[in-house]
Number of protein chains: 2
Amino acid sequence: MLNVSSNPADLLPQARIRLAALELFGQQGFDQTTIRQIATRAGVSPGLVIHHFGSKNDLRQACDDYAYRLFAEERVYLKGSGPMPTLERFMADHPDLQPVLAYLVQCLRGGGEGAERVYRLFCSLSDEMLTEAEQQGLLSLPEDRQAAIAVFAAWAAGLQMLGDLFARQLGGQHISDPDVMRRYAVVTTELLSRGLLSASFTDMLRSVIEPSDHKESNT
Amino acid sequence: MLNVSSNPADLLPQARIRLAALELFGQQGFDQTTIRQIATRAGVSPGLVIHHFGSKNDLRQACDDYAYRLFAEERVYLKGSGPMPTLERFMADHPDLQPVLAYLVQCLRGGGEGAERVYRLFCSLSDEMLTEAEQQGLLSLPEDRQAAIAVFAAWAAGLQMLGDLFARQLGGQHISDPDVMRRYAVVTTELLSRGLLSASFTDMLRSVIEPSDHKESNT
DNA sequence: CAACATGTTGAACCTGTGTTCAACCGATGT
DNA sequence: ACATCGGTTGAACACAGGTTCAACATGTTG
């Protein structure tokens, strides 16, 4: 079990800097965060930040690697964390990972290569979760598995990116608010069990989309 | 019908500046875009940008208002644009609005007040679309309508924010790629018609979520 | 104790960028 | 022809923030 947040004062300066950067990048984004802010938060001088990490961009890279590895390695905990192992439920069980998730979400926001990596991670996590659930007969995925997984990952990622906006729309403060989570769970369960579309409308859509020549290619 | 992109050279400098800013902000984000870039693109000097708009932030505000109004007023076109009037299909019919959508998506990425406004817009558009479809018997929303709409809006917004990442995961370049759109449409239709979860699993989830005391409050 | 390596500081430097401003241009009115 | 005035320019200014570097502290070795 990796240790994210024992008393920062006990950590070596280098680790304190990385932690401070991770938190600030996650809260404010990369551009809005200055090296001086990071240094202050880590109780250290600006020069030391550069001395240890080379540049602000290299520091970002270090945070990327750290957050990515940390989150990816915790994937084992995804299994067996409650009935429907959604990201939200997982986070409820691991509040200490919250800054890491916030950081990854900021990566998604930022776009570019960092975002791609994180989205891929979300896809692979969704894949594992859904595959296991399917093997247990809890659900059955559409024929185009890859697309289905990409959609699920996008839904999860999007919800995290919207973050508080979504919660506020439901009268809460944060996604983790019990009331928000409950309403979200209820609606999602309903949509994904009985469906949403009427039978006739479904037929009409199918004919329009021309689901003929199926071909799954690529990676 | 509002005119976004007739030949920019014909527009007044003030309009050219606003357009250039909208496009650049939409492509690169607010922070990465410099006033000089905007000025160059608009074929104008940096000073004039400030002279007309006061400051970079005020220029952003002007773009916000412009994009928001433009997109909100086009909502009439949402109705009657194909069978399932999703945002993707709407954009396919209105390619000239693409920079505006890109700008709004960047607002979402940026967070804060601008993002809230845009997400609210997405919610109200989803509301209109779903309500109309429901009245026509094409679908039936969950009991907690507000939550369902918030979820749909979040899905749509999230997909736009992920943007090319999602498309690339499906071997395409952009969401508007016909192949990507088709696979997305097929999977979504399947998920939202026959559902995903098994009956027994659904029952189990329902009992866990304790869907007892329903109470819709707020707004 | 001297010599040295390592970690650390904080003032100074430099670039990029938002903003200011005095001058310029061209049309219009007198 | 001259004055006026809004639109326009681009050089100059101010400042924020990433980065450099000479100095300092501390511990370690010969």
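Because the structure is predicted, anything quoted here is derived from the model rather than measured. By convention in this document, chain letters (A, B, ...) are assigned in the order of the sequence lines, proteins followed by strands, and residues within each chain are numbered from 1.
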Notebook entry, point to check: Quantified as the angle between the terminal helix axes (five pairs each), what is the overall bend of the helix from dC1(C)-dG30(D) to dT30(C)-dA1(D) to 10 degrees?
Noted result: 20°
Close N or O pairs between protein and nucleotides 24-26 of chain C (under 3.5 Å):
none

Only counting residues at least two apart or in another chain, list the ones meeting side-chain contact (heavy atoms from CB on, under 4.5 Å) with [X].
X         : result
Thr131(B) : Asp127(B), Gln135(B), Arg145(B)
His174(B) : Asp164(B), Ser176(B), Asp177(B)
Thr40(A)  : none
Gln98(B)  : Met91(B), Ala102(B)

Margin query: Using whole Å, what does the distance between atom P of nucleotide dG7(C) and atom CZ of Arg16(A) come to?
Written below: 14 Å
Note to self: Rounding to an integer number of Å, can you tell me how far Arg60(B) CZ sits from dT19(C) P?
What the structure shows: 12 Å
Margin query: I'd like to compare against my own output: the B/S/- annotation of nucleotides 7-19 of chain D with a strict under-4.0 Å heavy-atom distance to protein.
Written below: -BBB------BBB
Item checked: Set of salt bridge (Lys or Arg N to Asp or Glu O under 4.0 Å) partners for Glu116(A), sequence neighbours left out -> Arg120(A), Arg168(B)
Checklist line | Any donor-acceptor pair under 3.5 Å from Arg109(A) side chain to Met161(A) backbone | finding: yes
Notebook entry, point to check: Any ring pair (Phe, Tyr, Trp, His ring centres under 6.0 Å) pairs touching residues 29-56 of chain A, not counting sequence neighbours?
Noted result: Phe25(A)-Phe30(A)
Check: What residue pairs, at least two apart or across chains, pass salt bridge (Lys or Arg N to Asp or Glu O under 4.0 Å) with a residue in residues 44-66 of chain B?
Finding: Asp65(B)-Arg117(B)
Next item on the list: Please collect all salt bridge (Lys or Arg N to Asp or Glu O under 4.0 Å) contacts where either partner lies in residues 20-33 of chain A, sequence neighbours excluded, each pair once.
Entry: Glu23(A)-Arg41(A)
Next item on the list: Would you please name every residue forming a side chain to side chain donor-acceptor pair (under 3.5 Å) with Thr189(A), sequence neighbours left out?
Entry: none
